[in-house]
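What follows is a set of notes on a single structure, which appears directly below.
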Amino acid sequence: MLVVGLSHKSAPVAILERAAVSGDSLGKLLRDVAQTEPVAEVFVVSTCNRVEVYADVDRFHAAVTAICELLVRHCGVPAHELTGYLYVHYEDRAISHLMGVACGLDSMVVGEGQILGQVRSALNVAKEQGTLGRVLSELGRLALRTGKRSRTETEIGRAGLSLLTVAIELAAACAPDGSGAEALAGRDVLIVGAGSMSALAAATATRSGAASIVVANRTRSHAERLAADVSAIATGLADLPAAMGAADVVISCTGATGQVITRDMVSAAVTARAGRPGPLVILDLAMPRDVEPAADGLPGVVLIGMDRLSGQGTAATDDDVLAVRAIIEAELAAYHSAIDAARVAPTVVALRAKAAKVVEAELARLEGRVSSDGLSGHALDEIAQTVRRVVDKLLHAPTVRVKELAGSPGGEEYAAALRVLFDLDPRAVEAVTRAATEQEVRS
């Protein structure tokens, strides 16, 4: 397991914005990485906070080089600019990092809950592109399970904070009466985009008591579907300037690769809002950004982008973080135990199969020898069950113990000892291994 990436912790927003990959670019990156010789499987987590390539590789240095070169090519950021912001994790550190990301420990707002869905989406995209296999699927399930545990067994997300709620808290200071009241209550809200973040924004605006909600999107049908969920009005991007002129708060979070809201559009909206209380508040939660940065200097405009959100909020205490890290360590230990047990499982299965074969052969001989002695069928069944119980009890301790010892130094030697002591046919062990692998591939 290898991860190569950059995040809000290693790179400034300006670099993250340029490095973001989505849509067709993400699909091409996945396929190109998967086709490199050292990589067997790959998925990419690309959000407003990070771009990370997770890969199952057979050679560390060759894989790192190949992935870095492809990131440069697909992100469009020159190598001399991008390389200094990249980090690399390998083996257990890579697995722990993925689990920490899914738990929200590595998010800009520690403990935020959206990242869990974003990791799940990343896995689904890789599966659709044919770049996700057994190894990373299993690690993905491990990360998602750990993320769920962190939220049900700790208070890591007690405040339900996300980038959106932190941005809204900053916007609250811009309330018309200067009271710092709820930023969306009684306000006319325009939501640009119709993805998951937009859906969260629409639900938040409704819950907060917004006076009106308009959803604008390039594909109008998507806007209509989201608007129907919250009794809002839908419109297309062609009507965006007019919609901005009627809004108090604009929340923009599209997946566009270019800017959606220009300085001139914002200037025209400010003019159209003449007489309305308070500034036009724009929350730009997209990466790359939706709003032209020059709009920030306009009178009557408050622009809150990703650069202002960094380090602004946390939903977690130190105790919460420690509790989540304990869950990560426990899940990682259980994962390794399962891997170690699976490694010796074919030997255990072959041993039990040989024992069962010996038992059945001896019972058949017994039945043939005593068939004329008048023993009832019930008596023979009792004898058979007794013999099987004796064999099971004799094998229980060594088979359980060999699984326990599999993770210790030289653990494989215990399985090898069983194969020698019980004269197990190597072909039988290989057959069990092959059958298990084929089953995993089918599932």
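Note: hydrogens, waters and symmetry copies are ignored here, and every other heavy atom, side chains too, is used.
Look at Glu360 and Arg388 and you find a salt bridge, because one of the NZ, NE, NH1 or NH2 atoms lies within 4.0 Å of a carboxylate O, short of that distance. Taking 4.0 Å as the cut-off between side-chain N and carboxylate O, Arg419 and Asp425 do not count as a salt-bridged pair. One finds no salt bridge joining Arg134 and Asp56 here, because no Lys/Arg side-chain nitrogen approaches an Asp/Glu carboxylate oxygen to under 4.0 Å. Under a 4.0 Å N-O distance rule, the pair Arg263/Glu292 does not qualify as a salt bridge. A salt bridge is defined here as a Lys NZ or Arg NE, NH1 or NH2 lying under 4.0 Å from an Asp or Glu carboxylate O, and Arg325 with Glu329 fails to meet this definition. Using a 4.0 Å cut-off between a side-chain N of Lys or Arg and a carboxylate O of Asp or Glu, Glu81 and Arg18 qualify as a salt bridge.
Although no hydrogens or angles enter the test, the distance criterion places no donor-acceptor pair under 3.5 Å between the side chain of Ser10 and the main chain of Leu6. Of the possible polar contacts, none joining the Thr36 side chain to the Ala66 backbone as a donor-acceptor pair under 3.5 Å is found. Of the possible polar contacts, one joining the Ser198 side chain to the Gly193 backbone as a donor-acceptor pair under 3.5 Å is found. In this structure, Asp290 contributes its side chain and Thr254 its backbone to a donor-acceptor pair below 3.5 Å. Not one N or O on the side chain of Ser46 forms a donor-acceptor pair closer than 3.5 Å with the backbone of Val51. No donor-acceptor distance shorter than 3.5 angstrom exists from the side chain of His222 to the backbone of Ala194, with no hydrogens or angles considered. Here the side chain of Glu41 pairs a donor or acceptor atom with the backbone of Val135 at under 3.5 angstrom. Between the Ser121 side chain and the Gly117 main chain, no donor and acceptor come within less than 3.5 Å of each other.
Within a 6.0 Å sphere centred on NZ of Lys354, heavy atoms belonging to other residues, nucleotides or ligands number more than 12. More than 12 heavy-atom neighbours from other residues, nucleotides or ligands sit within 6.0 angstrom of CZ on Arg151. Heavy-atom contacts from other residues, nucleotides or ligands closer than 6.0 Å to CZ of Arg93 number 12 or fewer. Counted within 6.0 Å of CG on Asp58, heavy atoms from surrounding residues, nucleotides or ligands total more than 12; the atom is thus considered enclosed.
With respect to Val33, the side-chain contact (heavy atoms from CB on, under 4.5 Å) criterion is satisfied by exactly one of Val4, Leu70, Leu71: Leu70.
At least one side-chain heavy atom of Ile327 sits under 4.5 Å from a side-chain heavy atom of Thr146. Within the 4.5 Å cutoff, the side chain of Tyr85 has no heavy atoms near those of the Ser7 side chain. Proximity of Val215 to Ile233: side-chain heavy atoms (C-beta onward) are nowhere separated by under 4.5 Å. The shortest side-chain heavy-atom distance between Val44 and Tyr54 does not fall under the 4.5 Å cut-off. Leu285 places none of its side-chain heavy atoms less than 4.5 Å from the side chain of Ser252. Put simply, the side chain of Leu283 does not reach to within 4.5 Å of the side chain of Leu170, judged on heavy atoms. For the pair Thr47/Met287, no side-chain contact is recorded, criterion being any heavy-atom separation below 4.5 Å from C-beta on. Using a 4.5 Å cut-off on side-chain heavy atoms (C-beta onward), Val101 and Val119 make contact.
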Tell me, with the steps shown, if Val260 and Leu240 meet side-chain contact (heavy atoms from CB on, under 4.5 Å). CA-CA 9 Å; Val260 177; Leu240 185 56; 3.9 Å; yes
Walk me through it: do Met306 and Asn49 pass the test side-chain contact (heavy atoms from CB on, under 4.5 Å)? CA-CA 9 Å; Met306 297 298 296; Asn49 287 335; 3.7 Å; yes
Salt bridge (Lys or Arg N to Asp or Glu O under 4.0 Å) assessment of Glu69 paired with Arg73: CA-CA 6 Å; Glu69 290 175 351; Arg73 183 190 308 171; 5.9 Å; no
Test side-chain contact (heavy atoms from CB on, under 4.5 Å) on Thr83 and Cys68 and set out the steps. CA-CA 8 Å; Thr83 305; Cys68 287; 6.0 Å; no
From CA spacing to verdict: side-chain contact (heavy atoms from CB on, under 4.5 Å), Cys253, Val192: CA-CA 6 Å; Cys253 35; Val192 185; over 6 Å; no
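Within the model, atoms CD of Gln129 and CG of Leu29 stand 10.5 Å from one another, a figure rounded to the nearest 0.5 Å. Taken from OG1 in Thr235 to CD in Glu224, the straight-line distance is 9.5 Å, to the nearest 0.5 Å. Between atom NE2 of residue His8 and atom CG of residue Asp106 there is a gap of 5.0 Å, rounded to the nearest 0.5 Å. In this structure, the separation between CZ on Arg207 and OG1 on Thr204 is 4.5 Å, given to the nearest 0.5 Å. Rounding to the nearest 0.5 angstrom, the gap separating the CD1 atom in Ile282 from the CG atom in Leu190 is 9.5 Å. Atom CG of Leu2 sits about 11.0 Å away from atom NE2 of His61, to the nearest 0.5 Å.
In summary, the side chains of Ser107 and Glu112 do present a donor paired with an acceptor at a separation below 3.5 Å, with no hydrogens or angles considered. Thr154 and Asp320 share no donor-acceptor pair across their side chains, judged by distance under 3.5 Å alone. A donor-acceptor pair shorter than 3.5 Å cannot be found between the side chains of Gln259 and Arg289. Between the side chains of Ser212 and Asp188, a donor-acceptor pair is found at a separation under 3.5 Å.
Of all non-hydrogen atoms in Ala295 and Val266, the two that sit nearest each other are CB-CG2, 3.8 Å. Shortest non-hydrogen contact noted between Ala205 and Leu184 is CA-CD1, 3.7 Å. Taking all atoms of both residues into account, the shortest heavy-atom contact from Leu30 to Ala126 is CD1-CA, 4.1 Å. Nearest heavy atom pair, residue Ala94 against residue Met1, reads CB-CG, 3.5 Å. Here the closest heavy-atom approach between residue Lys148 and residue Leu116 is recorded as CG-CD2, 3.9 Å. In terms of heavy-atom proximity, Ile156 sits nearest to Ser150 at CG2-O, 3.3 Å.
Among residue pairs with one or both ends in residues 95-123, those qualifying as ring-ring contact (aromatic ring centres under 6.0 Å, His included) are Tyr87-His97, His89-His97; sequence neighbours excluded. Among residues at least two apart or in separate chains, there is no ring-ring contact (aromatic ring centres under 6.0 Å, His included) pair with a member in residues 319-346.
For Arg225, the salt bridge (Lys or Arg N to Asp or Glu O under 4.0 Å) test picks out no residue, with sequence neighbours left out.
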